[in-house]
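See structure below.
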Amino acid sequence: MFKEYDVIVVGAGHAGCEAAAAAANMGSQVLLITMNMNTIAHMSCNPAMGGVAKGQILREIDALGGQSGIISDKSMIQFRMLNRSKGPAMWSPRSQNDRFRFAEEWRLQLEQTENVDFWQEMVSELIIKDKKVVGVKTGLGIEVFGKSVVLTNGTFLNGIIHIGEKNFGGGRAGEKGATGLTEQLISLGFESGRMKTGTPPRIDGRSLDYSKMTEQKGDDDDYKFSFSKTTKSLEKQRSCYITYTSPEVHEILKTGFEQSPMFNGRIRGLGPRYCPSIEDKINRFADKDRHQIFVEPEGWDTIEVYVNGFSSSLPEDVQYKALCLIPGFENAKMFRPGYAIEYDFFPPTQLNLTLETKLIEGLFFAGQINGTTGYEEAACQGLMAGINAHNKIHEKDPFILSRSEAYIGVLIDDLVNKGTNEPYRMFTSRAEYRILLRQDNADIRLTPKGYDLGLAGQERYDTVLQKEKDIKEFINNIKQHKIKPKDINETLEKLNTTPIREGVKLYALLKRPQLDFFELSEEVEEVKAYVDKFGAETVEAAMIQVKYEDYITKEANLAEKMQKVENIIIQADFNYDSVKGLSNESRHKLKEMKPKSLGQASRISGVSPADISVLMVYLNK
């Protein structure tokens with residue numbers, strides 16, 4: 001019935017879709033197995049992509065040749081660049097998306113991708129021979145053979161949904177959970193754990209009074225996620241709205257705490273620190289008399305609204321009573337209540353940096369199965385797992401991104417070397433080289449790599465080369481361009497910065513932190529000429545290089561030094577017992593983790609800098 005596939009991908013969420021698309025576009029024969037063909041790439045939580053650090057990941061996925069950026073552009077209803085008041089390392093693109101179009105665009109993309117086949121059913125078992133995966137078995141007993149398998153099960157592994165004192169099996173509202181795999185993996189020697197996440201109630205937008213809320217419009221700037229020319233920025237946008245809880249809302253919510261699965265101990269899974277439920281926020285931040293609520297439309301045409309910030313597993317009647325006390329929600333009609341979901345995950349320290357498991361050859365994990373949270377974190381893992389599954393079966397080198405090359409590299413390195421005791425979420429603070437890893441230069445950093453892999457096409461590669469050439473030309477031009485006091489002093493005074501007494505090179509002038517090139521271009525014609533010639537995207541990227549040149553150089557030098565440590569290889573059969581001076585904890589962790597390099601060893605939890613110094617001396621001998 002089935003041929004033997006190169007790559008079998010289990011699960012069609014964000015990780016599964018990227019894994020299937022990547023492997024197929026690189027030339028592998030792929031089978032994508034999902035429990036429900038109608039929920040491919042379903043946005044099970046908020047209808048949005050990107051955000052702080054997540055937006056950088058999405059642009060990196062796109063730069064490598066992944067699909068999430070393109071899909072986001074095609075389905076977005078609003079776009080904002082977050083943190084513009086801070087430095088460019090913090091700028092983070094975020095879109096509000098049409099939930100239905102997002103899923104539709106992903107399915108259409110996959111159906112139009114050569115080499116991708118589909119099968120709708122639950123995978124209940126892996127087929128293992130000599131510690132190598134050779135296929136999967138479905139709930140109907142059908143065996144499908146493949147050279148590699150990527151598990152992207154999301155929240156479905158033994159999933160349990162909680163609403164107040166009620167609980168029932170399920171991987172998502174209205175969908176059953178997946179059983180069998182966890183038990184088999186444990187029998188094979190894998191360690192597992194439980195995590196939880198939650199979602200807020202959905203509301204009928206027609207029942208809300210938006211006049212009592214603060215409107216939050218999208219940006220007017222010409223922004224989008226994808227660097228490719230296949231998508232366009234939005235010409236019109238839908239607004240979101242902001243409102244707040246109150247002490248009265250909190251008091252109503254507290255009446256349900258005794259029935260809350262989180263407080264009465266029924267949920268034992270590890271919850272997300274940075275996206276807590278409303279009851280968790282009230283409990284943890286008792287000094288706060290209000291919490292922000294984002295009212296987000298779920299699409300262009302639907303009346304359904306996502307109540308971001310009100311995730312809850314309290315009884316549905318308590319949720320509803322509390323909601324109706326929020327300004328603008330007095331007459332709210334609820335479509336369905338919020339709920340918590342508890343599911344199995346596998347500590348990612350059991351993986352190699354390729355996301356292949358250490359115990360079973362050819363078996364890859366990606367997404368929430370690794371203890372992460374968020375569409376973007378899942379998608380980038382799926383992309384990397386798909387790439388490495390393809391490379392492995394075609395006897396090509398592993399594809400691994402370092403911490404100085406991409407946020408994706410930071411995420412995977414954190415997971416594999418440090419593990420996680422709570423749902424892992426990416427932040428800019430996790431990246432020590434974040435000045436290098438900006439959203440504006442993701443294409444320059446990664447598209448050449450995507451091109452070499454066969455994911456990014458010739459046109460995208462040529463576009464990056466032209467962008468680099470234009471940035472260099474722009475900077476050379478402003479280094480030569482001398483501007484006279486009479487042409488700019490009035491504008492400088494208007495922008496609250498010191499006038500010049502004699503002609504100054506535009507390059508030196510624009511290093512002033514108070515000056516924005518685009519503000520200058522609105523006032524000074526010879527500055528505006530550069531925007532007209534090079535375009536806003538090139539000018540912005542060039543100006544970041546000009547203003548932050550010293551910081552960028554310093555960070556690049558630091559990354560280069562650290563790379564030397566990364567290049568000190570540790571053989572797989574290295575005998576740590578022979579190294580005198582290592583602490584017992586360090587020796588135990590190193591033997592367990594088997595790092596491939598000294599750099600990787602330095603980031604293992606429990607391995608101290610002193611231990612690394614001892615190892616370095618020993619290895620250099």
Side-chain angles (χ1 to χ4, degrees), residues 3-9 12 14-32 41 57-74 105-106 108-118 146-150 152 225-231 352-356 362 364 366 378-402 405-409 411-412 441-468:
K3 62 185 179 183
E4 182 185 29
Y5 286 91
D6 294 321
V7 182
I8 297 173
V9 178
H14 299 261
C17 288
E18 284 289 1
N25 285 325
M26 292 173 73
S28 283
Q29 298 295 315
V30 177
L31 178 65
L32 179 58
I57 289 177
L58 208 59
R59 297 211 98 188
E60 290 178 351
I61 291 170
D62 180 76
L64 284 168
Q67 302 299 313
S68 289
I70 292 172
I71 302 298
S72 298
D73 285 349
K74 288 182 176 181
E105 290 290 348
W106 248 123
L108 291 173
Q109 182 66 44
L110 289 168
E111 288 181 350
Q112 293 163 16
T113 301
E114 193 176 351
N115 300 331
V116 175
D117 290 341
F118 302 87
K147 298 172 184 174
S148 64
V149 174
V150 182
T152 69
F225 278 113
S226 181
F227 294 100
S228 74
K229 297 175 182 177
T230 59
T231 62
N352 294 310
L353 289 170
T354 58
L355 299 181
E356 184 182 20
F364 295 78
C380 74
Q381 291 174 71
L383 176 70
M384 297 297 284
I387 290 170
N388 281 307
H390 169 87
N391 280 357
K392 182 177 179 66
I393 62 178
H394 290 89
E395 299 181 345
K396 296 182 178 180
D397 292 336
F399 181 67
I400 297 169
L401 292 169
S402 72
E405 289 177 313
Y407 271 90
I408 297 173
L411 181 145
I412 294 175
N441 70 354
D443 54 341
I444 292 173
R445 288 186 280 120
L446 299 176
T447 296
K449 295 179 184 295
Y451 177 73
D452 290 340
L453 287 168
L455 279 176
Q458 185 69 47
E459 183 181 5
R460 297 192 69 163
Y461 182 62
D462 291 342
T463 299
V464 168
L465 295 180
Q466 186 62 48
K467 179 179 177 179
E468 289 185 290

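All values derive from a computational prediction rather than experimental measurement. This chain uses plain numbering: 1 for the first residue, then up along the sequence.
The minimum heavy-atom distance between V7 and A389, with the atom names listed, is CG2-CB, 4.1 Å. Between A442 and A63, the shortest heavy-atom distance links the atoms O-CB, 3.3 Å. In terms of heavy-atom proximity, A406 sits nearest to L446 at CB-CD1, 4.1 Å. Contact between F225 and S72 at its shortest, heavy atoms only, is CD1-CB, 3.8 Å. In this structure, A366 and V150 approach most closely via the heavy-atom pair CB-CG1, 4.4 Å. What you find for L383 and A22 is that their closest heavy atoms are CD1-CB, 3.8 Å.
For the side-chain hydrogen bond (donor to acceptor under 3.5 Å, both in side chains) criterion with K467, the lone passing option out of N441, T447, D443 is D443. The side-chain contact (heavy atoms from CB on, under 4.5 Å) test with C380 is passed by exactly one of L401, L58, L64, I61: I61.
For the atom pair M384 CE and I408 CD1, the distance stands at 6.5 Å (nearest 0.5 Å). The line from CG of N115 to CE of M26 is 12.0 Å long, rounded to the nearest 0.5 Å. Here I71 contributes atom CD1 and L110 contributes atom CG; the two are 7.5 Å apart, rounded to the nearest 0.5 Å. To the nearest 0.5 Å, atoms NZ (K147) and NE2 (H390) are separated by 11.0 Å. The structure places CD of E105 at 12.5 Å from SG of C17, a figure rounded to the nearest 0.5 Å. The line from CZ of F399 to CG of N388 is 8.0 Å long, rounded to the nearest 0.5 Å.
D117 places no side-chain N or O within donor-acceptor distance of the main-chain N or O of L31, the cut-off being under 3.5 Å. Between the S226 side chain and the S228 main chain, a donor and an acceptor come within less than 3.5 Å of each other. In this structure a side-chain-to-backbone donor-acceptor pair under 3.5 Å is present from E18 to Q67.
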(request) Let me see the working for I400 and T354 under side chain to side chain contact (heavy atoms under 4.5 Å, CB included), right down to the final yes or no. (result) CA-CA 6 Å; I400 297 169; T354 58; 4.1 Å; yes
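Partners of E114 under the salt bridge (charged side-chain N to carboxylate O under 4.0 Å, His left out) rule, at least two apart in sequence or in another chain, do not exist in this structure. K449 meets the salt bridge (charged side-chain N to carboxylate O under 4.0 Å, His left out) test with E405; sequence neighbours excluded. Take E60 and apply the salt bridge (charged side-chain N to carboxylate O under 4.0 Å, His left out) test, not counting sequence neighbours, and it matches R445.
Residue E111 qualifies as enclosed at atom CD: its count of foreign heavy atoms under 6.0 Å is above 12.
Between D62 and R460, some side-chain heavy-atom pair lies under the 4.5 Å cut-off. Put simply, the side chain of S148 does not reach to within 4.5 Å of the side chain of Y5, judged on heavy atoms.
Checking D73 against T231 by side-chain atom types alone, a donor-acceptor pair falls below 3.5 Å.
With a 6.0 Å cutoff to the six-membered ring centre and a 45° limit on the axis angle, R59 counts as a cation-pi contact of F227.
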